[in-house]
Structure formats: structure tokens, C-alpha cells
Amino acid sequence: QVQLVESGGGLVQAGGSLRLSCAASGSIFSINAMGWYRQGPGTQRDLVAVITGGGSTNYADSVKGRFTISRDNAKNTVYLQMNSLKPEDTAVYYCNAGIAGSGYGPYMPYWGKGTLVTVSS
């Protein structure tokens, strides 16, 4: 079994910063892309940022220049540094990763349970 556990969410004032972490554990042979998604009240789950196994990154236009995604492959962990937060960033943030449980298995998508980020104005 593979688990993704997010941490670091909370309440912050507009203009503030938070750092989210997501650690993968369990039967892991390899991890390719890791990413963060978010879902606000009454909205769909949207991509925030993604980082490949080689370290290439991609961001939603709404967070470019404010958020930074990074990963520590030795710890099977992905981070999201969020600066200059805005009330519209309020959402549940979910971690996603493509994980292979063995050298012969496919990469399967796994999701964390989410961590709530609330930005007050």
C-alpha cells in the first residue's frame, strides 16, 4: 500500500506565506511526476503545480511567480512554497504522485487526503 500524507496547511493573512509538504510512504519502487492540486468551495479540482522526476516544473498561471514546487527524492517528499497568498488561494490542497510499486509495474496515480489552506483578507 502507498500513502501520501500532506501537512502544512492552516490559516494565514493575505500577503503571508505557507509551506506545504507531502510525504509518500509504503511499497515504492519509483516516483515520477509529483504535483499539487486544489479545490475551492464549489469548484473543481485544478492543477496548481507539477514537478517531474527530472525536476522540470509547470505552474498554473494564477500562481506563477508566487508559488514554488520542489521535491526531495531521498525522502519521497514534495513541497509547495506559497508566498504572497491571496484570499482566492483558499482551498483544500491535494498532493498527487505517479508511483510504481516494483520495477515491472506501471506508474499509478495516488492522492493524499488534502490539507486546508485559508487566506483571510
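Excluded from the calculations below are hydrogen atoms, water molecules and symmetry mates; all remaining heavy atoms, backbone and side chain alike, are included.
Without hydrogens or angle criteria, Thr115 side chain to Gly9 main chain gives a donor-acceptor distance under 3.5 Å. For Ser121 (side chain) and Pro87 (main-chain N/O), no donor-acceptor pair under 3.5 Å exists by modelled atom type. With hydrogens and angles disregarded, a donor-acceptor distance shorter than 3.5 Å links the side chain of Glu6 to the backbone of Gly114. Judged by distance alone, the side chain of Thr77 and the main-chain N or O of Lys75 form a donor-acceptor pair under 3.5 Å. The backbone N or O of Gly40 sits nowhere less than 3.5 Å from a side-chain atom of Arg45 that would complete a donor-acceptor pair.
In this structure, the side chains of Leu20 and Met82 come closer than 4.5 Å at one or more pairs of heavy atoms. A heavy-atom distance below 4.5 Å is found between the side chains of Pro109 and Asn96. Side-chain atoms of Arg38 and Ser62, non-hydrogen and from C-beta on, do get closer than 4.5 Å to each other.
The hydrophobic clustering, which links ILVMFWY residues whose side-chain heavy atoms are closer than 4.5 Å, places Met108 and Val2 together. Linking ILVMFWY side-chain heavy atoms closer than 4.5 Å, directly or via other members, places Tyr79 and Val117 in two distinct hydrophobic clusters. Each of Val5 and Leu18 belongs to its own hydrophobic cluster when Ile, Leu, Val, Met, Phe, Trp and Tyr are linked at side-chain heavy-atom distances under 4.5 angstrom.
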### Task
Quick one: do Asn76 and Ile31 satisfy side-chain contact (heavy atoms from CB on, under 4.5 Å)? Show the steps, please.
CA-CA 8 Å; Asn76 291 335; Ile31 304 176; 3.6 Å; yes

### Message
Could you walk me through whether Trp36 and Cys22 satisfy the side-chain contact (heavy atoms from CB on, under 4.5 Å) test, starting with their C-alpha distance in whole Å, then the side-chain angles of each, then the deciding distance to 0.1 Å, before giving a yes or no?
### Response
CA-CA 9 Å; Trp36 290 94; Cys22 171; 3.6 Å; yes

### Task
Output, in order, the C-alpha distance, side-chain angles, deciding distance and verdict of side chain to side chain donor-acceptor pair (under 3.5 Å) for Tyr107 and Ser30.
CA-CA 8 Å; Tyr107 287 98; Ser30 178; 2.8 Å; yes

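Asn73 and Arg71 make their closest contact through OD1-NE, 2.7 Å (heavy atoms, listed as atom of the first residue, atom of the second, distance). Closest approach of Leu4 and Tyr110 over heavy atoms only: CD1-O, 3.2 Å. In plain terms, the two heavy atoms of Ala49 and Leu80 that are nearest each other are CB-CD1, 4.2 Å.
A distance of 9.0 Å separates CD in Gln1 from OG in Ser27, rounded to the nearest 0.5 Å. Expressed to the nearest 0.5 Å, how far OG of Ser56 lies from CD1 of Ile51 amounts to 8.0 Å. Expressed to the nearest 0.5 Å, how far CD1 of Ile28 lies from CD1 of Ile99 amounts to 4.5 Å. Expressed to the nearest 0.5 Å, how far OG1 of Thr90 lies from CG of Leu85 amounts to 8.5 Å. One finds the CD atom of Gln81 at 5.5 Å from the OG atom of Ser17 (value rounded to the nearest 0.5 Å).
Salt bridge annotation for Asp89-Lys86: absent, with no cationic side-chain nitrogen under 4.0 angstrom from a carboxylate oxygen.
Within a 6.0 Å sphere centred on CD of Gln3, other residues, nucleotides and ligands contribute 12 heavy atoms or fewer.
As a member of the Ile/Leu/Val/Met/Phe/Trp/Tyr network built from side-chain separations under 4.5 Å, Leu47 groups with Tyr37, Val50, Val92, Tyr94, Trp111, Leu116.
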